[in-house]
Engineer: 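Just dropping this structure here.
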Amino acid sequence: MSDNLPTIYVHMLGEFSITVKDKTISVQNNHSQKLWNLLSYLITYRNRKISHTELIHLLWKDGQSSNPNGALKTLMHRLRTLLKELDYPAEFILQKPNSYIWNNSLSCVFDVDVFENYYKEGLYSDSKEKRLEKYRKAITTFKGTFLPKMNHETWSAPICAYYHNLYLKIAIETINMLMEKERYAETANICWQALTIDPYMEDFHYHLIRALYLSGNLDAALKQYSTTTGLFLSKFANTPSEQLKTLYKEITRNNP
């Protein structure tokens with residue numbers, strides 16, 4: 001494949017989209033769910049050939065089509081028509097005997113790979129500062145749930161859980177490192193972002209309140225404590241945890 005072909009950017013964390021230069025197709029476009037399911041499946045499993053049988057089982061469960069092979073051929077034609085909107089001078093999807101595969105000879109950047117690579121680079125770095133740098137880049141890359149429009153699909157659920165849990169791990173480790181360095185404003189920013197991903201993760205609420213408190217913003221810390229306890233009471237009928245209660249007592253002792 002020619003090296004002068006433009007790079008393809010595939011976003012799967014948050015909104016699913018494919019961008020080439022100034023052209024983008026995304027799941028927000030008015031196309032069928034089956035079409036996006038087919039495309040996202042081919043990209044997710046881009047390192048192997050996927051048989052017609054596997055795709056038919058994915059898209060037409062329990063014999064929902066009287067002519068599944070014909071239906072798959074029609075859907076693939078529609079998918080290729082959609083991908084032509086990117087004006088790319090090569091085929092994205094290659095046809096093999098009784099199977100299809102994503103064209104891995106193309107120059108593609110997948111945000112899931114970027115996210116995971118930052119994590120691995122941080123994990124195996126030789127200093128905490130380098131680890132913090134890479135983890136913060138991973139957090140910035142993580143724009144949201146893996147293929148959120150596909151979260152009802154059985155095949156995507158374990159992958160979604162994997163990336164979500166990896167994000168939580170990175171975020172918590174980053175927060176701990178920032179707190180050790182007394183970088184409270186940065187900690188609070190990470191917590192705010194993390195709460196958009198998982199609003200019911202108590203650790204993020206706890207560290208946010210604590211970061212606000214230790215930065216000297218006691219009123220904001222108390223307000224956030226009230227917001228957090230109200231959230232968990234209304235959602236889970238839970239009273240504050242002992243960890244939060246202890247933090248609250250510490251804050252109020254210093255805010256007469």
Side-chain angles (χ1 to χ4, degrees), residues 7-17 19 43-47 104 107-148 151 156-218 220-221 224-225 227-228 231-232 241-244 246-247 250-251:
T7 300
I8 302 158
Y9 294 91
V10 180
H11 300 277
M12 306 174 80
L13 299 171
E15 180 182 294
F16 179 37
S17 66
T19 298
I43 292 175
T44 299
Y45 295 104
R46 55 191 172 276
N47 294 318
N104 283 311
S107 175
C108 293
V109 175
F110 301 93
D111 63 346
V112 289
D113 290 346
V114 174
F115 169 68
E116 198 162 14
N117 286 339
Y118 279 139
Y119 165 68
K120 290 175 181 177
E121 289 170 5
L123 182 64
Y124 297 110
S125 62
D126 56 6
S127 71
K128 274 195 172 182
E129 198 58 46
K130 192 70 174 178
R131 178 175 298 179
L132 182 58
E133 175 194 342
K134 295 297 182 179
Y135 279 11
R136 295 200 67 176
K137 287 181 178 180
I139 289 170
T140 300
T141 303
F142 196 91
K143 302 298 184 184
T145 302
F146 175 78
L147 296 175
N151 59 12
S156 69
I159 305 170
C160 179
Y162 167 76
Y163 286 116
H164 183 82
N165 291 333
L166 182 57
Y167 170 82
L168 297 183
K169 172 183 168 64
I170 294 168
I172 289 296
E173 288 192 27
T174 301
I175 288 166
N176 287 334
M177 286 188 284
L178 288 171
M179 290 297 285
E180 283 180 10
K181 295 175 179 293
E182 299 183 2
R183 289 158 64 173
Y184 302 128
E186 295 172 67
T187 299
N189 286 336
I190 297 291
C191 290
W192 284 120
Q193 179 186 340
L195 286 170
T196 67
I197 304 297
D198 194 330
Y200 303 111
M201 181 79 167
E202 186 184 298
D203 280 353
F204 295 140
H205 289 278
Y206 171 81
H207 286 296
L208 173 58
I209 296 166
R210 189 160 182 264
L212 291 170
Y213 159 58
L214 292 175
S215 66
N217 202 340
L218 273 63
Q224 187 60 38
Y225 175 84
T227 299
T228 299
L231 174 69
F232 280 87
S241 67
E242 287 304 314
Q243 177 179 240
L244 280 173
T246 300
L247 179 58
E250 183 180 348
I251 296 169

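What's counted below: heavy atoms across the whole structure, side chains too, no hydrogens, waters or symmetry copies.
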Engineer: Any donor and acceptor pair, going by atom type alone, linking the side chain of Asn104 with main-chain N or O of Arg46 inside 3.5 Å?
Structural biologist: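 Yes, because the side chain of Asn104 sits within donor-acceptor range (under 3.5 Å) of the backbone of Arg46.
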
Engineer: Please determine whether salt bridge (charged side-chain N to carboxylate O under 4.0 Å, His left out) holds for the pair Glu180 and Lys128, giving the CA-CA distance in whole Å, both sets of side-chain angles, and the decisive distance to 0.1 Å.
Structural biologist: CA-CA 11 Å; Glu180 283 180 10; Lys128 274 195 172 182; 3.0 Å; yes

Engineer: Would you check if Gln243 and Asp203 make a side-chain contact, meaning some heavy-atom pair closer than 4.5 Å?
Structural biologist: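 In short, these two side chains touch, coming nearer than 4.5 Å.
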
Engineer: How far apart are the closest heavy atoms of Val10 and Phe16, and which atoms are they?
Structural biologist: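 Smallest heavy-atom distance, with atoms named: CG1-CE1, 4.2 Å.
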
Engineer: Where do Tyr225 and Ile209 come nearest, in terms of heavy atoms and distance?
Structural biologist: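 In this case the closest contact between Tyr225 and Ile209 is CA-CD1, 3.6 Å.
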
Engineer: Looking only at non-hydrogen atoms, find the nearest pair between Ala171 and Ile139 and report the distance.
Structural biologist: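 Taking every non-hydrogen atom into account, CA-CD1, 3.9 Å.
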
Engineer: If only side-chain N and O atoms count, and only distance matters, is there a donor-acceptor pair under 3.5 Å linking Glu173 with Tyr119?
Structural biologist: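 Absent: no donor and acceptor within the cut-off.
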
Engineer: Quick one: closest heavy-atom pair of Ala211 and Ala188, and the distance?
Structural biologist: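 Heavy-atom minimum between the residues: CB-N, 4.1 Å.
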
Engineer: For a side-chain contact (heavy atoms from CB on, under 4.5 Å) check, start with the C-alpha distance between Lys134 and Leu123, then their side-chain angles and the critical distance, and finish with the verdict.
Structural biologist: CA-CA 9 Å; Lys134 295 297 182 179; Leu123 182 64; over 6 Å; no

Engineer: Find out whether Tyr167 and Phe115 are in side-chain contact, i.e. whether some heavy atom of one side chain is under 4.5 Å from a heavy atom of the other.
Structural biologist: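 Sidechains of Phe115 and Tyr167: in contact.
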
Engineer: Kindly say whether Pro199 contributes a backbone atom to a donor-acceptor pair with the side chain of His205 at under 3.5 angstrom?
Structural biologist: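 Checked: pair present.
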
Engineer: With rounding to the nearest 0.5 Å, note down the distance linking CG in Asn217 to CD1 in Ile251.
Structural biologist: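 Answer for the CG-CD1 pair, Asn217 versus Ile251, is 10.5 Å.
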
Engineer: On a heavy-atom basis, which atom in Met12 and which in Val112 lie closest, and how many Å separate them?
Structural biologist: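 The pair with the smallest heavy-atom distance is CB-CG1, 4.1 Å.
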
Engineer: Distance check, rounded to the nearest 0.5 Å: Phe142 atom CZ versus Tyr163 atom OH?
Structural biologist: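 These two atoms lie 9.5 Å from each other.
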
Engineer: Nearest 0.5 Å, please: how far is OG1 in Thr174 from CZ in Arg183?
Structural biologist: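 One finds 10.5 Å between CZ of Arg183 and OG1 of Thr174.
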
Engineer: Heavy atoms, side chains only, cut-off 4.5 Å: are Thr228 and Leu208 in contact?
Structural biologist: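 SC-SC contact between Thr228 and Leu208 ruled out.
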
Engineer: Could you go through the side-chain contact (heavy atoms from CB on, under 4.5 Å) check for His164 and Leu168 one step at a time?
Structural biologist: CA-CA 6 Å; His164 183 82; Leu168 297 183; 3.7 Å; yes

Engineer: If you apply the rule side-chain contact (heavy atoms from CB on, under 4.5 Å), what do you find for Leu231 with Thr227, and how did you get there?
Structural biologist: CA-CA 6 Å; Leu231 174 69; Thr227 299; 5.5 Å; no

Engineer: Can you tell me how far apart CZ (Phe232) and OH (Tyr200) are? Round to the nearest 0.5 Å.
Structural biologist: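 It is 8.5 Å, given to the nearest 0.5 Å.
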
Engineer: Look at the side chain of Ser125 and the backbone N and O of Arg131, then say whether any donor-acceptor pair between them is shorter than 3.5 Å.
Structural biologist: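 Here the side-chain-to-backbone pair exists.
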
Engineer: Taking 4.0 angstrom as the limit, do Lys181 and Glu186 come out as a salt bridge?
Structural biologist: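 No salt bridge links Lys181 with Glu186.
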
Engineer: Dump the intermediate steps for side-chain hydrogen bond (donor to acceptor under 3.5 Å, both in side chains) on Gln224 and Tyr213, then the final yes or no.
Structural biologist: CA-CA 10 Å; Gln224 187 60 38; Tyr213 159 58; over 6 Å; no

Engineer: Return the OH to CG distance between Tyr135 and Leu178, rounded to the nearest 0.5 Å.
Structural biologist: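 Output value for this atom pair is 13.0 Å.
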
Engineer: What's the separation between atom SG in Cys160 and atom CG in Leu13, rounded to the nearest 0.5 Å?
Structural biologist: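 Here the interatomic distance stands at 9.5 Å.
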
Engineer: If you take all heavy atoms of Tyr184 and Met179, which pair is closest and at what distance?
Structural biologist: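 What the structure gives for the nearest pair is CD2-SD, 3.8 Å.
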
Engineer: Decide yes or no on side-chain contact (heavy atoms from CB on, under 4.5 Å) for Lys137 and Val114, but give the supporting numbers first.
Structural biologist: CA-CA 9 Å; Lys137 287 181 178 180; Val114 174; over 6 Å; no

